[in-house]
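Note that these values count all heavy atoms, side chains included, but never hydrogens, waters or copies made by symmetry. Throughout, residue positions are numbered sequentially from 1 according to the sequence presented. Ligands are counted one by one from 1 in listed order, and the atoms in each one are counted from 1 as well.
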Amino acid sequence: MQDFPMIIPVPPSAHSRAQNAYAHFAGRVEKIVAGTPAYDIHTHLYDAAFGPLLLWGIDDMLTYHYLVAETFRHSDIPYDAFWKFSKKEQADLIWSTLFIEHSPISEACRGILTTLNELGLDARSGDLPAIRRWFAEQNPRDYIARCMELANVGTICMTNSPFDDEERPFWERGIERDEWFTAALRIDPLLLSWQQTAPRLSSWGYHVTNELTDSTISNVRRFLADWTRRMDARFVMVSLPPDFAYPANTDSAQLIERAVLPHCREFGLPFAVMPGVIRAINPLLRMAGDGMARTNLSTLANFCAQNPENKFLATVLSRENQHELCVLARKFRNLHIFGCWWFTNVPSIIEEMTRMRIELLGTSFTAQHSDARVMDQIIYKWSHSRQIIARVLTEKYAGLAAAGWEPNKGEMERDARELLGGAFEKFCET
Ligand code: HDL
Ligand code: ZN
């Protein structure tokens, strides 16, 4: 009988076992995450009924304030010369600076390439006139549907401010919007600059004084109620500076305590707070001029602890706050955290935040929102984020399998639904 060399089964190394487990899930998870419609719960987009307020197309994509800020890093054009340019001239400068003279490797630049590529347009040709002609042939409403289909976004939540002089008339006239656009009542001027805002409310028939008397508070609540009903607002929203304090004897804290939180309880709405922004640290950049700082999150803890009947949504601007935010969410079930906001909406930080959140919160959070200002952006913002979410989920499922718990397709589909808007909708319903 022929001797066979003793084949000693060599257990695969832990590394190769992990690699095999990862490969076992990777394709399936990527497909599930890509195939799960998302609820985009924070955007600056508008239903086509809002006409010129809705931004879309190549020139709006190129003049997105993220790329404006990046262009000024390479160009010594004087700020006021740039602002005197037409949108097309600004877009031409941004394109030549960030795409031709330099590689478009920043997230905002790569995003435009992903979007054009998914639309079947050849950015590498550099033929901006041809690309502009293609967009000029699109019908806005059909194009919105095309963007939502490519992004697999089922519902878009707008950011709607009664204090926006361009937007307010649309609501006052009455507006028919598609059911896939929901509204969020954004009230920064009310809360952050009460002394300047009070006269505006008075001019609209809400008799308020700069002093927060009981009568003023009840008129503020009437204002909130009227606009909540007019918009069918799904939540009330404000962005807050890093040092915002609550409780406090400030106009902001008092208005939140005595008007906004009772209003949200009465209407069963979450109050969405977005701390960490320092507005206009470089005003010469206009909308691109906002900065950020690490936030004192004791404010958020106080909101949740002292108002157990209220629901709070939160996303925070500083990377350094993210771990503390996850721990707060573990402590307060009336807190739902969402998205990788603004300066954290870049692959390296999205991955870190998503992994941290899953490890600390399971699926009880909303993994992403686009914050899109230009309709086309949802294509890249969701494509880029889904790849990362799928990568982290694959790693986590491989870990479950290694522990003897093989998740099935139904469970993975359920988890993806939760992370992409399902947990948010459940949170709003409770
Ligand atoms: O305050 C906000 O909602 C921010 O998202 C700002 O609109 C900011 O300019 C932005 O667009 N970030 O992505
Ligand atoms: Zn925003």
* Nearest protein heavy atom to atom 11 (O) of ligand 1, by residue and atom, and its distance? -> R373 NE, 2.8 Å
* R279: numbered ligand 1 atoms lying under 4.0 Å from its heavy atoms -> 1 (O), 2 (C)
* **For atom 5 (O) of ligand 1, closest protein heavy-atom neighbour** => D371 OD2, 2.7 Å
* Evaluation steps, side chain to side chain contact (heavy atoms under 4.5 Å, CB included), between S96 and E101 -> CA-CA 6 Å; S96 57; E101 293 157 23; 4.0 Å; yes
* Over all atoms of both residues, closest heavy-atom pair of A367 and I389 -> CB-CD1, 3.8 Å
* Structure fact -> Residues at least two apart in sequence or cross-chain that pass ring pair (Phe, Tyr, Trp, His ring centres under 6.0 Å) with H74, listed by chain then number, are H102
* Asked: More than 12 heavy atoms of other residues, nucleotides or ligands under 6.0 Å from CZ of R173: is that the case?
  -> yes
* Structure fact -> among protein heavy atoms, the one nearest atom 13 (O) of ligand 1 is Y66 OH, 2.4 Å
* Asked: Taking the six-membered ring for Trp, are F312 and F303 parallel (under 30°), tilted (30 to 60°) or perpendicular (over 60°)?
  -> parallel
* Is R168 close enough and on-axis enough to W171, meaning under 6.0 Å and within 45°, for cation-pi? -> no
* Proximity of R186 to ligand 1 by residue part, where a heavy atom lies under 4.0 Å -> side chain
* Short side-chain donor-acceptor distance under 3.5 Å, T213 and T216 -> yes
* Worked check of side chain to side chain contact (heavy atoms under 4.5 Å, CB included) between L67 and C109 -> CA-CA 7 Å; L67 289 103; C109 289; 3.9 Å; yes
* Structure fact -> For H42, the atoms of ligand 1 under 4.0 Å from one of its heavy atoms are 3 (O), 5 (O)
* For the Zn ion (ligand 2), which protein N/O/S atoms are closer than 2.8 Å? -> H42 NE2, H44 NE2, D371 OD1
* **Protein residue, atom and distance nearest to atom 9 (O) of ligand 1, heavy-atom basis** => H65 NE2, 3.0 Å
* **Region of H369 that comes within reach of ligand 1 [heavy atoms, distance under 4.0 Å]** => neither
* To do: State yes or no: are the ring centers of F338 and F424 separated by less than 6.0 Å?
  => no
